[in-house]
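The block underneath contains the structure these notes are about, expressed in structure tokens.
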Amino acid sequence: MTEIKICGITRIDDALCAAACGADAIGFIFHPPSPRFIAAKMAKEIIAALPAGIATVGVFVNREAEEVAQTVEDCGLDLIQLHGDESPEYCRRFPPERVIKAVFLRCVEELIALDAYDVLAFLADFREGGRYGGTGKRADWTLAARLGKTHPLILAGGLCIENIGEALAAVAPGAVDINSGCERTPGIKDHDRLQRIVGMIRGSCLSGPRVIFGKEI
């Protein structure tokens with residue numbers, strides 16, 4: 001099955017809506033420049049309100065490893081999404097089965113360098129200027145599809161109701177990351193769009209095990 005992560009959550013009612021719609025994971029962005037930034041205290045409150053079975057993911061960009069570890073512990077996060085320029089050595093400071101590494105692929109040669117990483121999955125996104133994702137623009141689907149043939153893959157980057165069917169057909173990712181595509185404004189989810197896109201994903205895929213967000217933590 002294609003698993004679903006709803007990212008950029010800042011409010012309890014949005015998190016509960018995502019869970020009720022059938023999302024497999026909820027993402028919290030701990031990157032202060034992001035319009036979807038959330039403080040650890042609020043993330044912890046939201047996590048406490050979630051039903052069992054929903055994986056929680058903390059998104060970090062080029063932070064000190066000690067800070068990441070402390071936030072993970074304070075909030076009780078399941079997974080760590082490293083969304084900056086983190087090296088393979090940096091990623092190895094955390095258990096590999098808990099790490100998702102975001103990548104911003106531009107050429108085939110960059111795929112080879114990813115073999116140095118020991119992580120649970122890669123997340124293909126689009127980076128523009130100094131913005132590490134959250135641009136609403138699509139990743140390179142051709143390169144993402146190639147990466148997905150050799151590693152567990154989460155597809156991100158501007159996924160929405162209008163293009164999700166095409167994205168699933170072109171990339172066949174293990175999971176998708178929906179953020180701006182189900183929002184009214186940055187950090188505020190549109191519950192109707194959220195329900196519709198989750199329904200479209202579920203309707204287009206066969207059922208099966210949760211390979212990425214369903215792992216034992």
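Reckoned from all heavy atoms, side chains included, excluding hydrogens, waters and symmetry mates. In what follows, residues are counted from 1 in the order of the sequence shown.
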Distance, nearest 0.5 Å, that separates [atom1] of [X] from [atom2] of [Y]:
X	Y	atom1	atom2	result
Asp177	Cys7	CG	SG	5.0 Å
Leu194	Cys17	CG	SG	5.0 Å
Thr71	Glu67	OG1	CD	5.5 Å
Phe122	Leu111	CZ	CG	9.5 Å
Cys75	Ile47	SG	CD1	5.0 Å
Leu77	Lys44	CG	NZ	11.0 Å

List in chain and number order the residues that pass side-chain contact (heavy atoms from CB on, under 4.5 Å) with Ala65, two or more places apart in sequence or in another chain; answer none if no residue qualifies. Tyr90, Arg93, Phe94
Counting heavy atoms not belonging to Arg92, are there more than 12 under 6.0 Å from its CZ? yes
Sub-4.5 Å side-chain heavy-atom contact between [X] and [Y]:
X	Y	value
Thr10	Met42	no
Phe213	Leu79	yes
Ile212	Pro152	yes
Ile100	Ile80	no
Ile38	Ile29	no
His31	His83	no
Leu147	Leu114	yes
Lys101	Cys91	yes

Let's go through Asn62 and Glu86 carefully: what are the C-alpha distance in whole Å and the side-chain angles of both, what is the deciding distance for side chain to side chain contact (heavy atoms under 4.5 Å, CB included) to 0.1 Å, and is it a yes or a no? CA-CA 6 Å; Asn62 299 333; Glu86 298 87 2; 3.7 Å; yes
Residues which pass ring-ring contact (aromatic ring centres under 6.0 Å, His included) with Phe28, listed by chain and number, not counting sequence neighbours: none
State yes or no: do [X] and [Y] share one hydrophobic cluster built from I, L, V, M, F, W and Y residues joined by side-chain heavy-atom distances below 4.5 Å, directly or via other members?
X	Y	value
Met200	Val176	yes
Val171	Val198	yes
Tyr117	Val59	no

Members sharing Phe37's hydrophobic cluster, built from side-chain contacts under 4.5 Å between Ile, Leu, Val, Met, Phe, Trp and Tyr, are none
Could you list the cluster mates of Ile112? Members are the ILVMFWY residues connected by side-chain heavy atoms closer than 4.5 Å, either directly or through other members. none
Where do [X] and [Y] come nearest, in terms of heavy atoms and distance?
X	Y	answer
Ile6	Ile4	CD1-CG2, 4.0 Å
Ser204	Ile201	OG-O, 3.0 Å
Val57	Ala25	CG2-CB, 4.3 Å
His151	Asp115	CE1-OD1, 3.5 Å
Leu143	Cys107	CD1-N, 3.5 Å
Ala15	Ile26	O-CD1, 4.1 Å

Ion pair check, Glu183 and Arg36, cut-off under 4.0 Å: yes
SB check Glu45 Lys41 (cutoff 4.0 Å): no
Evaluate the criterion salt bridge (charged side-chain N to carboxylate O under 4.0 Å, His left out) for residue pair Arg127 and Asp85; output intermediate values, then yes/no. CA-CA 11 Å; Arg127 180 160 72 181; Asp85 306 303; 2.8 Å; yes
Assess, by modelled atom type and distance only, whether the side chains of Lys5 and Gln81 contain a donor and an acceptor separated by less than 3.5 Å. yes
Which residue in the set Leu82, Asp118, Leu120 passes side-chain contact (heavy atoms from CB on, under 4.5 Å) when paired with Val99? Leu82
Does the Asp78 side chain pair with the main chain of Thr56, one donor and one acceptor, at a distance under 3.5 Å? yes
Please check if the side chain of Gln195 supplies one atom and the backbone of His191 the other of a donor-acceptor pair under 3.5 Å. no
Is the Phe30 ring parallel, tilted or perpendicular to the Phe60 ring (thresholds 30°, 60°)? parallel
Give the table of side-chain donor-acceptor pairs shorter than 3.5 Å for residues 154-167, with sequence neighbours excluded, one pair per line with atom names and distance.
from   : atom 1 : to     : atom 2 : distance (Å)
Glu162 : OE1    : Arg193 : NH2    : 3.3
Asn163 : OD1    : Cys160 : N      : 2.9
Asn163 : ND2    : Gly158 : O      : 3.0

So the salt bridge (charged side-chain N to carboxylate O under 4.0 Å, His left out) pairs with at least one residue in residues 11-33 (sequence neighbours excluded) are Arg11-Asp13, Arg11-Asp14, Asp24-Arg202, Asp24-Arg210
